[in-house]
Novice: 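Mind having a look at this structure? Questions to follow.
All values below come from the heavy atoms of this structure, side chains included, with hydrogens, waters and symmetry mates left out.
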Amino acid sequence: MTRLRPHEIEGMQQRLIRWYQKHGRDLPWRDTRNPYRIWVSEIMLQQTQVETVIAYYERFVAAFPSVQALAREPLQKVLLIWQGLGYYARARNLHRGARLVVSRWDGRVPDTQKELLQIPGIGRSTAGAILSLAYDRPAPILDGNVKRVLCRLFAIRRDPAKPDVLKRLWALSEVLTPGTDVHTYTQAVMDLGATICTPIDPRCTVCPLRNNCQACRRSLQHLIPVRARKEPTPHHEYALGIVRHRGRVLIRQRPEEGLLGGLWGFPNYRRRPKGTLADALHQGLHNDLGLAVESGEKTGTVRHAYTHFKITLHVFECLLLPENKTHTGKADWKWIYPSRLKDYPLAASDRKVMDRLLDRD
DNA sequence: AAGACGGGGAC
DNA sequence: GTCCCAGTCTT
């Protein structure tokens with residue numbers, strides 16, 4: 001383990017803070033110490049880059065200005081704001097978390113790690129961010145930016161995802177976190193990772209920590225952090241049905257847990273090996289709703305990439321045969337007018353279908 | 001310990 | 001098109 005002397009640590013903290021005061025970014029969640037707003041921003045930033053988050057954050061806190069406001073709204077309304085941001089479990093957890101904060105802590109976001117960790121969606125790093133940014137408590141964080149900064153500072157040439165490496169990184173983050181002005185320090189180290197100590201082509205010549213950085217001194221910055229080789233992503237094909245009845249279109253809600261949980265979309269079914277797209281659609285709608293359709297004209301395809309696989313959606317305009325009864329009898333299936341689709345949270349792939357291929361009359 | 005979980009930006 | 005990002009929860 002690298003030895004760090006107290007005066008070295010203090011020097012790094014001071015250089016970082018001074019750098020931040022001059023070069024730090026002005027972001028919408030940085031003009032507040034409101035723990036609820038910090039919480040919202042940190043959850044959004046967990047998976048997503050700053051540029052993408054900004055507009056979502058603004059809309060979210062405008063729609064739900066407080067923990068209480070968020071807690072009293074239905075999940076569907078939260079997902080409507082969140083749609084397109086991805087990792088929807090974050091939105092479900094945030095919503096559940098708001099209700100927990102109202103019921104257990106009378107609407108006050110806790111200021112201890114022990115309590116924060118009881119809130120769904122808040123792990124050690126997010127707890128540290130809330131504690132340091134909102135309450136100025138000396139709690140470390142370890143997000144992707146900080147991992148990269150620390151791996152380079154200490155020339156750690158092993159996969160940061162490995163448990164023992166992670167443990168060491170947490171220890172380093174803790175040692176470097178100051179006892180005072182944690183608020184500024186935490187933002188500074190995140191900003192350093194985002195704007196100087198970037199994944200590709202880090203700007204070491206203007207880095208305030210260049211003299212402390214073992215990777216920079218040994219010209220290893222382009223080799224760190226090491227990344228695990230990733231597997232090729234499988235590709236799946238789906239038949240998607242635009243099923244119409246008296247001017248309305250059929251949509252289905254996904255189960256609350258799992259991929260895209262709670263979101264609505266057009267019915268779609270995976271093509272079986274050796275099966276046809278039309279068969280998949282036929283059988284799927286029959287099994288789910290007892291609906292008999294003739295899959296008519298294929299109107300186009302939509303491609304979409306997820307983390308671990310890719311899909312191609314083949315979109316069919318379906319003819320509903322007259323003998324069908326159209327009462328679904330199920331709460332998770334609905335016939336709606338296309339103009340009302342904007343009231344339902346959709347995944348990005350379904351939004352693409354709607355924008356490109358749904359003929360609205 | 002390992003896998004699941006989305007979408008978008010850079011090139 | 002390909003490669004990249006990333007924290008928490010579940011199993």
Novice: Whole angstroms only, please: what is the OH-P distance between A/Y87 and C/dC5?
Specialist: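 Roughly 12 Å, once rounded to whole Å.
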Novice: Tell me what A/L142 touches on the nucleic acid: a base, only sugar-phosphate, or nothing, going by heavy atoms under 4.0 Å.
Specialist: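 Sugar-phosphate contact only - A/L142 comes under 4.0 Å of backbone atoms but never of a base.
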Novice: In this structure, is the centre-to-centre distance between the rings of A/Y57 and A/F60 below 6.0 Å?
Specialist: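 Between A/Y57 and A/F60, which both carry aromatic rings, the centre distance is not below 6.0 Å.
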Novice: Could you list all N or O pairs between the protein and nucleotides 8-11 of chain C that sit under 3.5 Å apart?
Specialist:
from	atom 1	to	atom 2	distance (Å)
C/dT8	OP1	A/G123	N	2.8
C/dT8	OP1	A/G123	O	3.3
C/dT8	OP1	A/T126	N	3.0
C/dT8	OP1	A/T126	OG1	2.8
C/dC9	OP1	A/G121	N	2.6

Novice: Who passes salt bridge (Lys or Arg N to Asp or Glu O under 4.0 Å) against A/R72, sequence neighbours left out?
Specialist: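 A/R72 satisfies salt bridge (Lys or Arg N to Asp or Glu O under 4.0 Å) with no other residue.
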Novice: Chain A on DNA chain B: first and last contacting nucleotide, 5' to 3', under 4.0 Å to a heavy atom?
Specialist: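 Reading along DNA chain B, I get B/dA1 to B/dG8.
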Novice: Out of curiosity, A/Q14 CD to A/L16 CG, how far, rounded to the nearest 0.5 Å?
Specialist: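 Reported to 0.5 Å precision, the distance equals 11.0 Å.
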Novice: Test your reading of the model: is there a side-chain donor-acceptor pair from A/H95 to the backbone of A/E73, 3.5 Å cut-off?
Specialist: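 Yes.
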Novice: Taking OP1 and OP2 of C/dT2, is either one under 4.0 Å from a side-chain nitrogen or oxygen of A/K310?
Specialist: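 For C/dT2, OP1/OP2 do have a side-chain N/O of A/K310 under 4.0 Å.
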Novice: Of A/T48 and A/K162, whose nearest nucleotide on DNA chain B comes first from the 5' end?
Specialist: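 In this pair, the answer is A/K162.
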Novice: Run the salt bridge (Lys or Arg N to Asp or Glu O under 4.0 Å) test against A/R271 and tell me which residues pass, sequence neighbours left out.
Specialist: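 Residues passing salt bridge (Lys or Arg N to Asp or Glu O under 4.0 Å) with A/R271: A/E237.
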Novice: Can you measure A/H308 atom NE2 to C/dC5 atom C1' for me and round it to whole angstrom units?
Specialist: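 For the pair A/H308 NE2 and C/dC5 C1', the rounded distance is 13 Å.
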Novice: With rounding to the closest Å, how many angstrom separate the C1' atoms on B/dG9 and C/dT8?
Specialist: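 Each nucleotide's C1' atom is 24 Å from the other's.
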Novice: Rounding to an integer number of angstrom, what distance separates C/dC9 and B/dG8 when you compare their C1' atoms?
Specialist: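 Nearest-Å result for C/dC9 against B/dG8 at atom C1': 23 Å.
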Novice: For A/V249 versus A/P338, what's the shortest heavy-atom pair and its separation?
Specialist: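 Heavy atoms only, the tightest pair is CG1-CG, 4.3 Å.
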Novice: Do A/F316 and A/H314 have their ring centres less than 6.0 Å from each other?
Specialist: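 Judged by ring-centre distance (under 6.0 Å), A/F316 and A/H314 do not meet the cut-off.
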Novice: Is the distance from OP1 or OP2 of C/dC5 to the nearest side-chain N or O of A/R148 less than 4.0 Å?
Specialist: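 A/R148 to C/dC5 OP1/OP2: no side-chain N or O under 4.0 Å.
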Novice: Give the cluster check for A/L192 versus A/L220: same hydrophobic cluster or not, with ILVMFWY residues linked at side-chain heavy-atom distances below 4.5 Å.
Specialist: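 No, A/L192 does not connect to A/L220 through the hydrophobic network.
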Novice: Quote, to the nearest angstrom, the C1' distance that separates B/dG3 from C/dA6.
Specialist: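 Approximately 14 Å lies between the C1' atom of B/dG3 and that of C/dA6.
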Novice: Under a 3.5 Å cutoff, is there a donor and acceptor pairing between the side chains of A/Q47 and A/R90?
Specialist: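 Absent: no donor and acceptor within the cut-off.
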Novice: Can you pull out every ring pair (Phe, Tyr, Trp, His ring centres under 6.0 Å) where at least one residue sits in residues 243-266 of chain A? Sequence neighbours excluded, please.
Specialist: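 Sorted pair list: A/H245-A/W335, A/W264-A/Y344.
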Novice: Give me the atom names and distance for the closest heavy-atom approach of A/R217 to A/N211.
Specialist: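 Taking A/R217 first and A/N211 second, the nearest heavy atoms are NH2-O, 3.4 Å.
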Novice: Just to be sure I understand the geometry, which residues of residues 255-265 of chain A put a non-hydrogen atom under 4.0 Å away from DNA chain B?
Specialist: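 The answer is A/L259, A/L260.
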